[in-house]
Structures are given as C-alpha cells and as structure tokens.
Amino acid sequence: MSDTIFALSSGAPPAGIAVIRLSGPQAGPALEALARRMPPPRRATLTLLRDPRDGAPLDRALALWLPGPATASGEDMAELHCHGGRAVIAGVETALAALPGLRRAEPGEFTRRAFENGRMDLNAVEGLSDLLAAETQQQRRAALMMAEGHFSRRIDGWRHRLLDLSAMAEAALDFSDEDDVPDAEIEHRIGAGIGALAEDVAAVLSAPSAERLRDGVRVVLAGPPNAGKSTLLNALVGREAAIVSPIAGTTRDRIEVPAAIGGVAFLFTDTAGLRDETSDSIEEIGMDRARAAVAGADVLLWLGQPEDAPREDAMLIAAQCDHVDHAGHPGLAVSARTGEGMERLVTALLDRAASLLPGEGDYALHARQREGAANLHRHLGTAAQTGDLLILAEELRQARHAIDALTGRAGTEDMLDRLFSGFCIGK
C-alpha cells in the first residue's frame, strides 16, 4: 500500500486561500480526523479543522472528500481550502504530518501518481510541465493542447490502426492456405494501411519544436565590427543588455538576451564582429563563437554587406541608416537610435517566428516525442518495403513498442525521475 501524501498546492503564502491536497489510502481517515466528520463526496463543506492530538482549533475551512479512482491522482483524495496565512498552513501541515501513514509529498508526486494510475499519459505530463513554465500566451496555448491530450488522442488512433494491421498480417501468415483469406487482397490492404499511417506520422514529425517554443526563437545578430549589432540588440530587447562603444571589437563574446515580443519568446544573441584577419587571439575565439552562433540561428540578422552574408536565408539589415549611406543596399533600413524601420523589423521577426512555432490550435513536440515518432516512422517504412510477411509482422510489433514508449507505457525510471522532479511540490 502506498503512502498518503500531502502538500500545499496553491501559491506561496501569504495568500487569500491556501489549498492543501492529500492523496492516498489514508486521505479519508485524515480528513475525518481533522474535520471530526466525513463531508459528502465532491461537495465543499464548511468545517472547523482541529488538531487530532489535542483538539485545538486550526482554522475554519472548506473540506472536500474526493473518493478514487475518479480523481486527479487516481487515488482517494481530499482538499482543505484554508485561509492562506503562514501560521494557518504550518499548523494544518504539522497536524497532518503527525497522523500515521501520512508524509509530505515530493516534487511532482501527485502528477506521478496520476501517470502511474493511468489518469495521464507521458505526453499530457510533459504538456502540464510546459504549462506550469509558460511565460508567453503562445507557450500557454501549445502546452494546454498537449496537456489536454490532443497529441495523445492522435497516438491512440495510431495504435488502433496498428492493431488492425497487425491482426491482418497475422491472419495472412496463419491462414494463408484457407479459402476465406485472399492473400493478394489482404496484403494490398496491409500495404495501403501502412503507407497511410506512415504519412500521418510524417505529418506530425513536421510539427514545431517544443524546445524552440520554450527557450525562444534564436535570433543572432552578426556582421563586421562596428556595424551596430549591440545597439540594435538593445533596441529590440528594450534595455541596455550589451555594451555599446565606437571602439571596434567591443563585443568579444556571445551575449544572449531573452525577450518576449508580441507574445512570442525570442533569444537574441549579440556576437563579436566578423572580419577576415586578426592578430588578437581573444578576438579570434570570439569570432569562432560568432560563427557557431550563426550556424545555429533560427533567424540571422546580417548587418554586413549582402554579398558577405554567411547564409542564404539571412535577413539583410541596413543598420545605422540615420548616418550611414546604404544606397543600393537591398536590406531593411533600420536605425536603432531614431527608431526608423524598427516596427518593420519586429513585424518581419514575428513573421519568421510564425513559420517556426505552432499556430493557433497546434502543439509542439519535445525531442523525446520527436525521437519516438521518428522511431515509429522508421519501423513503418521498413514494414512497407519488405516483401516478407514475417518481417512485416515483426516491424509492426516494434512499431507498437514505439507507441508505448511515446505514451510512457514503456520507458526508463531514470527518465521519469528527471521529468517529475522538475515539478513543484504539490503538483
């Protein structure tokens, strides 16, 4: 029998209301011990909470009794909606800790129990984790889609289709000599079904990256020394994040600054000025790091000559247009000092970001999910190409294992430990 856990699940005190949750087999007896009666299931009941040890009053609160398994954790649960003062919370938690079979919850333990009891799959857990960490509306929308099971329902559809295909493959193997199983027809149906499923999985693999959504679209400002990169970065993020001076080579290393613009998370990177030769070994290291940043950028703002742009997809910027003649320059004329062209630059950045991030009603995939979907697609591809029914059936079995890994039905404890440890206590 598992322990019964409890924790403060609302915000840090002091607050107007504090919600203390309990989950486990002793949740009901613990609630009755504090409230001196058992409230009706799923009905908030006003009651005076008392310390079971000496009967001393703790707080007048709302008590909820939530019998399992139809609860958030899949176990018996109780909630105490108390006043949010520190002394009230400490008194209630101390009284709970003194009861037999109760202990304080570890980070993410409520959610882990929900996962282990089948109330959530791993994708919904990751969506919830993203939702708790969301700082922009776009992050919130995508995380909510994942937490509410949109991706999981799609995977569940894949599983049902795979089971049908596997059943047909087994029938073709076991009863190929029987008159009621036409070999050619069933093999054609299997091949068509695998092809359609592989196309659906490939479409999901094109979904945006959750890491990019969480960490921000990487925008790198690059160009020769004194091109105005640091000044432009400061104007974009709205603060003096990078040192600006007329001395060439002021920026010696990468400077990364997160910022939210138009509800989209960006990570702006200022880089050392790029030039052909230098006798300064420190500057050379800075330029090497600048080149690495350029290679890894989602969006490159190039402030140098157009013909020198290191990437074909670079966004050309004619910077310092308030005092530099850019006649014939095809780039966007911008002055970070006067604000000229800044609105158009922000619009262009948001347009680029829109193509890299999930749209309204879409979700984004974590690296784990993308790897799992790619593994599934790989097995489907092998099954589609083989002419041997035995190999095909085995590849379909491996594809089902890949789906189990996607939902968390199969996985490693280490990965689960890392995921749930990132949650706050009480969640």
Side-chain angles (χ1 to χ4, degrees), residues 208-209 212 216-239 241-278 283-284 286-357 359:
S209 161
R212 179 184 288 132
V217 176
R218 298 189 68 91
V219 179
V220 174
L221 292 80
N226 274 5
K229 299 182 293 297
S230 298
T231 303
L232 181 57
L233 179 138
N234 290 341
L236 285 168
V237 303
R239 62 187 179 90
I243 298 174
V244 176
S245 86
I247 301 172
T250 298
T251 303
R252 312 278 285 198
D253 200 356
R254 292 162 53 162
I255 298 173
E256 295 187 338
V257 186
I261 300 176
V264 177
F266 289 93
L267 183 63
F268 291 96
T269 303
D270 189 14
T271 60
L274 296 173
R275 51 183 166 185
D276 293 334
E277 295 181 2
T278 179
E283 185 180 10
E284 184 62 45
M287 290 195 294
D288 287 343
R289 293 183 178 181
R291 295 184 186 100
V294 166
D298 297 319
V299 180
L300 173 62
L301 301 185
W302 179 250
L303 281 67
Q305 293 300 314
E307 61 271 16
D308 296 330
R311 286 173 40 171
E312 291 185 0
D313 63 347
M315 189 182 298
L316 302 179
I317 305 296
Q320 302 173 328
C321 69
D322 55 319
H323 65 275
V324 176
D325 183 9
H326 289 296
H329 195 296
L332 177 63
V334 170
S335 171
R337 297 186 185 280
T338 67
E340 180 182 346
M342 289 298 298
E343 187 174 338
R344 285 178 294 165
L345 175 56
V346 169
T347 299
L349 286 173
L350 291 174
D351 288 343
R352 287 281 187 100
S355 66
L356 300 170
L357 298 173

Summary of ring pair (Phe, Tyr, Trp, His ring centres under 6.0 Å) pairs that have at least one residue in residues 295-321, sequence neighbours excluded: none
For Pro258, give me all partners under side chain to side chain contact (heavy atoms under 4.5 Å, CB included), at least two apart in sequence or on another chain. Leu267
Using side chain to side chain contact (heavy atoms under 4.5 Å, CB included) as the criterion, list what pairs up with Pro306, not counting sequence neighbours. Leu316, His329, Pro330
Could you grab the distance from atom OG1 of Thr271 to atom CG of Leu221, nearest 0.5 Å is fine? 7.0 Å
Interatomic spacing from CG in Leu303 to CD in Gln320 - rounded to 0.5 Å: 8.0 Å
Exercise: identify the closest heavy-atom pair between Ala290 and Ala272: CB-O, 3.7 Å
May I have the list of side-chain donor-acceptor pairs in residues 340-352 shorter than 3.5 Å, sequence neighbours left out?
{"unit_1": "Thr347", "atom_1": "OG1", "unit_2": "Glu343", "atom_2": "O", "d": "3.0"}
{"unit_1": "Arg352", "atom_1": "NH1", "unit_2": "Asp313", "atom_2": "O", "d": "3.3"}
{"unit_1": "Arg352", "atom_1": "NH2", "unit_2": "Asp313", "atom_2": "O", "d": "3.2"}

For Asp308, enumerate each residue passing the side-chain hydrogen bond (donor to acceptor under 3.5 Å, both in side chains) test, keeping only those at least two apart in sequence or located in another chain. none
Set out, in order, the CA-CA distance, both residues' side-chain angles and the distance that settles side-chain contact (heavy atoms from CB on, under 4.5 Å) for Val219 and Thr269, then state yes or no. CA-CA 6 Å; Val219 179; Thr269 303; over 6 Å; no
Is any side-chain heavy atom of Leu300 closer than 4.5 Å to one of Met315? no
What one should report as the nearest heavy-atom pair of Ala336 and Ala235 is CB-CB, 3.8 Å
Surrounding CD of Glu312 (heavy atoms of other residues, nucleotides or ligands, distance under 6.0 Å), is the total greater than 12? no
Would the distance check show the side chain of Lys229 and the main-chain N or O of Pro224 forming a donor-acceptor pair, the cut-off being under 3.5 Å? yes
Who are the side-chain hydrogen bond (donor to acceptor under 3.5 Å, both in side chains) partners of Ser335, not counting sequence neighbours? Asp322, Thr338
Sort and list the pairs that fulfil salt bridge (Lys or Arg N to Asp or Glu O under 4.0 Å) and have at least one residue in residues 293-306, not counting sequence neighbours. Arg212-Asp298
Reported OG-to-CG distance for the pair Ser209 and Leu356, which is rounded to 0.5 angstrom: 10.0 Å
Please identify each residue that fulfils side-chain hydrogen bond (donor to acceptor under 3.5 Å, both in side chains) with Gln305, with sequence neighbours left out. none
Applying the side chain to side chain contact (heavy atoms under 4.5 Å, CB included) test to Leu301, which of Ile317, Val334, Val220 qualifies? Ile317
Once you round to the nearest 0.5 Å, how far does CG of Leu236 lie from CZ of Phe268? 5.0 Å
